[in-house]
Amino acid sequence: MEDIKLYVSEHKDRFINELIDILKIPSVSADTAYSQDVLDTAEAVKTSLAKAGCDFVEICETAGYPIVYGEKTIDPKLPTILVYGHYDVQPADPLELWTSPPFEPVIKKTEIHPEGAIFARGSCDDKGQMYMHVKAFEYMIQSNTLPCNVKFMIEGEEEVGSVNLKTFVENNTEKLKNDVILISDTGMISNQQPSITTGLRGLSYVEVEVTGPNRDLHSGLYGGAVANPINVLSKMIASLHDENNHITIPGFYDNVEELSLEERAEMAKAPFNLDNYKKALDLNDIYGEKGYVTNERNSIRPTLDVNGIWGGYTGEGAKTVIASKAFAKISMRLVPNQDWEVITELFTKHFTSIAPAGVTVKVTPHHGGQGYVTPIDSIGYKAANMAYTETFGVPAIPVRSGGSIPIVALFEKELKSKTILMGFGLDSDAIHSPNEHFGIFNYLKGIETIPLFYKYFVELSK
Ligand code: BES
Ligand code: MN
Ligand code: MN
């Protein structure tokens, strides 16, 4: 497919500018202040799919933000690829840490991206990666090389748990029928070493509230005599890990799949440099569960992390006060076989049980999802590997990721098809962080690689 390289080089500026236009719309799904922008982004995605060559596009309303759906059927007897992505983005804060405004995309060179990267919220996660699919599809239409049918399902609530997509998928299994699901919403090892994500972690996300006295108190008059909710919450949170950084919730590890030494040895072959890892994060050392190395800690092991903690006085200067309440948001990343609803219950039971007298504790579950692992002997995996091998010159390495796309396990359950995770982002692209960016190299390489996946998937399906 020399033609795709030519097409990309001829249309590269337009591809970049079109993406920039979509990145300018602040589609933050978590914050209702942006609800019109989220809806506008759905419209923009719909228009782009129609322009690229879908013969049917629609905005599917849900109880939340809409799902953009598009399709192109060339022959019902041929395989169908379902492309999933999301047009919503994470909140951009803290704004002051961005070197350029999050919704005013600019191209800047970095050490890792000497050809430049687009800096904007959503550039990598997932607007940039989603849009690669629209442009790859445009190429296949323009060059008359689309080898099969395609359906696009681009949602607007991934960053807030895909709650309404779940219902949509359950109610539309016939419409969404496919032979393989293709997603670019993950990363790869480096621009020299592509990888295919073979696992995603599950997630249980909860909020906890610890209540002490019925009002904020003078910390001199009452300090030492009543439970301080912030002290208590800190102690309770600290007790959730033991001295080896194992999680102490009874039953938490019951269904965790232990990988064989062979599998772990296989994982250890993926290139990883601990010094570079530390340097990239300005850390003097790493930290984590005893008995496991970094690449295991962040993929095949479950974790528990406080994502936010607040209470009391955090303004300027000092205020002597014992707060009435303290709060925290806690996420647990889960591995395959751990059921997120069971884990949520175990957490709730345990966290409530460790509350000392003098406070009351409330646990509110937010959202969650199951983990996912995919085999490497499927047609889809092989096709993806052939595609990467051709565009990068080296085969891809299978890697289990620590991130979560909770809907993927549901796709398999409801639509009975495997998902192939062809991600083109890098860990250093700072998704969810200030200064998120997506390499121009990665964006264009993605556009080049995707049509090859279509080609090989159809060939191997024959
Ligand atoms: N695209 C990410 C997930 C991801 C990133 C997986 C990199 C693997 C590698 C996705 O948008 C995301 O952020 N998911 C959330 C979960 C969701 C329920 C909010 C996550 O992992 O925190
Ligand atoms: Mn994403
Ligand atoms: Mn994300």
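Counting convention: from 1, in listed order, for ligands and their atoms alike.
Residue contacts with ligand 1, taken as heavy atom pairs separated by less than 4.0 Å, do not involve Ser162 at all. The proximity of Asp125 to ligand 1, defined as any non-hydrogen pair under 4.0 Å, is limited to the side chain. Contact annotation for Asp126 and ligand 1: no heavy atom of the residue comes within less than 4.0 Å of the ligand. Heavy atoms of Ser401 found under 4.0 angstrom from ligand 1 belong exclusively to the side chain.
Between Glu58 and Lys175 there is a salt bridge, since a side-chain N of the basic residue sits under 4.0 Å from a carboxylate O of the acidic one. Salt bridge Glu207/Lys329: present, at least one basic N to carboxylate O contact under 4.0 Å. The pair Lys418-Glu412 meets the salt-bridge criterion, with a side-chain N (NZ, NE, NH1 or NH2) lying under 4.0 Å from an Asp/Glu carboxylate O. One finds a salt bridge joining Arg14 and Glu18 here, because a Lys/Arg side-chain nitrogen approaches an Asp/Glu carboxylate oxygen to under 4.0 Å.
Rounding to 10°, one obtains 90° for the angle at the Mn ion (ligand 2) between NE2 (His86) and OD2 (Asp185).
No side-chain donor-acceptor contact under 3.5 Å links Thr41 and Lys127. Side-chain atoms of Ser260 and Glu263 include a donor-acceptor pair closer than 3.5 Å. For the 3.5 Å distance criterion, the side chains of Glu155 and Ser162 qualify, holding a donor opposite an acceptor. For the residue pair His246 and Asn244, no side-chain donor N or O sits within less than 3.5 Å of a side-chain acceptor on the partner.
Each of Tyr388, Phe438, Tyr131 was checked for a ring pair (Phe, Tyr, Trp, His ring centres under 6.0 Å) with Phe424, and the lone residue meeting it is Tyr388.
The Mn ion (ligand 3) has an N, O or S atom of Glu159 under 2.8 Å away, backbone or side chain.
Residue-level check: among N/O/S atoms of Asp125, OD1 sits closest to the Mn ion (ligand 2). Looking only at N/O/S atoms, His432 comes nearest to the Mn ion (ligand 3) through NE2.
Annotation: atom 17 (C) of ligand 1 to nearest protein heavy atom, Glu158 O, 3.7 Å. Of the protein's heavy atoms, Gly403 CA, 3.7 Å lies nearest to atom 6 (C) of ligand 1. With hydrogens left out, the protein atom closest to atom 4 (C) of ligand 1 is Asp185 O, 3.6 Å, a heavy atom.
Ligand-side atoms of ligand 1 in range of Ile431: 5 (C), 7 (C), range being under 4.0 angstrom from any heavy atom. Every atom of ligand 1 with a heavy atom of Pro406 under 4.0 Å away is listed here by number and element: 18 (C). Atoms of ligand 1 lying under 4.0 Å from any heavy atom of Leu203, numbered from 1 in the order shown and given with element: 18 (C). Each of the following atoms of ligand 1 lies closer than 4.0 Å to a heavy atom of His86: 11 (O).
If you check each of Cys124, Ser404, Gly161, Gly202 against atom 3 (C) of ligand 1, the one with the closest non-hydrogen atom is Ser404. Summarising the contacts of atom 22 (O) of ligand 1 with Arg333, His432, Glu159, the nearest heavy atom is found in Arg333.
Within the structure, the closest approach of Thr197 to ligand 1 does not fall below 4.0 Å when heavy atoms are considered.
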Evaluate side chain to side chain contact (heavy atoms under 4.5 Å, CB included) for Asn255 paired with Asp339, printing each intermediate quantity in order.
CA-CA 8 Å; Asn255 296 314; Asp339 182 276; 6.0 Å; no
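Around the CD1 atom of Ile112, the shell of radius 6.0 Å holds no more than 12 heavy atoms that belong to other residues, nucleotides or ligands.
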